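All values derive from a computational prediction rather than experimental measurement.
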Amino acid sequence: MQQTEQALLTALKTVIANKTIASPEAKQVFNLHRQWLQYTLPAYSAEIHQGLAQMYTADPRFSQYYADKTGSSNAAAVLAAIIKHYAQS
């Protein structure tokens with residue numbers, strides 16, 4: 001789970017730097033985030049994933065978590081945009 005999180009954060013930093021939501025790197029972020037969630041959420045669904053994306057931008061604790069982990073204040077918003085783009089119902 002920790003290795004998946006580290007890979008996710010590394011890929012997210014790349015997407016933030018490149019500013020590309022529709023890219024192979026962003027798709028990788030989405031897939032890694034989904035995989036990371038499934039460690040503790042075996043009943044994964046796109047709807048749950050999309051709900052978490054909303055929470056990431058609505059709750060400052062999540063925003064701060066991703067800002068601290070990536071060094072980017074908009075990391076949670078970028079992750080939410082990636083999830084919105086790739087999570088299909």
Scan the side chains in residues 19-32 for donor-acceptor partners under 3.5 Å anywhere in the protein, sequence neighbours excluded, and list what turns up.
unit_1, atom_1, unit_2, atom_2, d
Thr20, OG1, Ser23, OG, 3.4
Ser23, OG, Thr20, O, 3.0
Ser23, OG, Glu25, OE1, 3.4
Ser23, OG, Ala26, N, 3.1
Asn31, OD1, Arg34, NH2, 2.9
Asn31, ND2, Lys27, O, 3.3

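- The side-chain heavy atoms of Leu12 and Tyr66, taken from C-beta on, include a pair separated by under 4.5 Å.
- Scanning all heavy atoms of the two residues, the minimum distance from Thr57 to Ala76 falls at CG2-O, 4.0 Å.
- Between the CG atom of Asn74 and the CD1 atom of Ile16 there is a distance of 5.5 Å, given to the nearest 0.5 Å.
- For Asp68, the side chain to side chain contact (heavy atoms under 4.5 Å, CB included) test picks out Gln64, with sequence neighbours left out.
- Residues Ile83 and Leu52 form no side-chain contact, since every pair of their non-hydrogen atoms from C-beta on lies 4.5 Å or further apart.
- In this structure, CG on Leu79 lies 6.5 Å from CG on Leu8, to the nearest 0.5 angstrom.
- Between the CG atom in Asp59 and the CZ atom in Phe62 there is a gap of 5.5 Å [rounded to 0.5 Å].
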Checklist entry - Yes or no on ring pair (Phe, Tyr, Trp, His ring centres under 6.0 Å) for Tyr56 and His33, after CA distance, side-chain angles and deciding distance? => result CA-CA 13 Å; Tyr56 289 164; His33 192 262; 5.5 Å; yes
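- Taking Tyr39 as the reference, nothing meets the ring-ring contact (aromatic ring centres under 6.0 Å, His included) condition, with sequence neighbours excluded.
- Distance OG/Ser72 to CG/Leu9: 11.5 Å, rounded to 0.5 Å.
- Separation of atoms CD (Gln38) and NE2 (His49) is listed at 9.0 Å; rounding is to 0.5 Å.
- At most 12 heavy atoms of other shown residues, nucleotides or ligands fall within 6.0 angstrom of atom CD in Gln54.
- Remark: side-chain polar atoms of Gln88 are not paired, donor with acceptor, to backbone N or O of Ala46 under 3.5 angstrom.
- Thr40 is listed as a side-chain neighbour of Met1, based on a closest heavy-atom distance under 4.5 Å.
- Taking both residues in full, the closest heavy atoms of Ala67 and Ala75 are given as N-CB, 4.3 Å, listed atom of the first, atom of the second, then distance.
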